[in-house]
Amino acid sequence: MQYVFGPVPSRRLGQSLGIDTIPLKTCNWNCVYCQLGRTQPLTNARKEYYPSADILAEVKAVLAGHAPGEIDWVTFVGSGEPTLHSGIGRLIRGVRALTELPIAVITNGSLLYLPEVREDLAEADVVLPSLDAGTADLYRQIDRPHPEVTFERLVDGLLAFRQIFSGKLWVEVMLVQGLNDTAEALRAIAAILQRVRPDEVHINLPTRPPVETWVRPSDEEGLLRARAILGDIAHVVHPIEGSFDLSGYATAVDAIVAIITRHPMRQEELERTLARWAPGHVAEALAELEAGGRAQVVERLGARFWSAAPSRYPDEAHSLAAAPDAFRGLIRPLLGDRE
Ligand code: SF4
């Protein structure tokens, strides 16, 4: 399977069958917390990155192989920004014709300023855009966008989409300690959320390996502040344990590569997953992953994560060099004696 993965346990969407419309890691943002490594290429070009007909044929085959109840949602998400695929509307409609399962789109929301993208995404049941900053400055520093996708366009796009979208709009705020969890930053985000009027606000934390070494999830104090300032509709999304479906792949190693390309996994998580699907072969599978050059181990947040080999994570010196000057004072306490 090239475009479809899972079902995987999703923090918000139960057992979610993922559809990946974009090659790793094609995006118009280069977020400091991205779990998929540095963006390469940073592009705002919309095109048919993969043939829509091939994606839909694979979705059809995978759906046919699952019994009712095994999948809760079909979710467009993956190795970059899914709305950069110019056929996203055709794909949503194509999936709708194949199944009655609800359809979600996880997007950074940056292209909602385009009427055609709004019309395409309006056909989904749930759209989950991001809003990590309430000012243009902080947006540039956290999400590091392509120059064409400005903060004004992001906000205008969210407001315009809310006007036409009858499904659920769940806005995700990724909370990074010292960056957007200050009272000032949160109040600026809240002011925009009040205008957008999402159905829910999900406060998320970078618990998978952030690309930049100095990124930390917000602490308890920051989370409390976020809940207080972002209001009653904000709730914290906790990581969940669930079963990764590794059927449909020729080997456990192929399956793991498919999953970690989209969701890097902690060593323990990977060992548990492999133990269930390939009992007695865990050490063998891990060795094969590493030796075959198809996966890499990334150390972040005090843990070892397995990620796809092409993902690019800078070492600490390069990561620190890319930290915005304005943040260096903020991140220094987080670094202890490493700087
Ligand atoms: S987190 Fe999402 S929007 Fe941000 S760089 Fe990664 S893929 Fe792109």
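We use all heavy atoms of the structure for the numbers below, so side chains are in, but hydrogens, waters and symmetry mates are not. Note that ligands are numbered from 1 as they come in the structure, with each ligand's atoms numbered from 1 the same way. Computed from a predicted structure; not experimentally measured.
Around atom 4 (Fe) of ligand 1, the protein atoms of type N, O or S found under 2.8 Å away are C31 SG, listed by chain and number.
Within the 4.5 Å cutoff, the side chain of L131 has heavy atoms near those of the L193 side chain. Proximity of R262 to S79: side-chain heavy atoms (C-beta onward) are separated by under 4.5 Å at one or more points.
Classified by interplanar angle (parallel below 30°, tilted 30° to 60°, perpendicular above 60°), the ring pair H202/W170 is tilted.
Counting atoms of ligand 1 from 1 in the listed order, those under 4.0 Å from a heavy atom of K25 are 5 (S), 6 (Fe).
Per-atom contact check: atom 2 (Fe) of ligand 1 does not touch the protein, criterion being a heavy-atom distance below 4.0 Å.
Counting heavy-atom neighbours within 6.0 Å of E184 CD, excluding the residue itself, gives a total of 12 or less.
Partners of E220 under the salt bridge (Lys or Arg N to Asp or Glu O under 4.0 Å) rule, at least two apart in sequence or in another chain, do not exist in this structure. Legend: residues meeting side-chain hydrogen bond (donor to acceptor under 3.5 Å, both in side chains) with S16, ordered by chain and number and at least two apart, are T75.
The hydrophobic cluster of L224 has no other members, since no ILVMFWY side-chain heavy atom comes under 4.5 Å of it.
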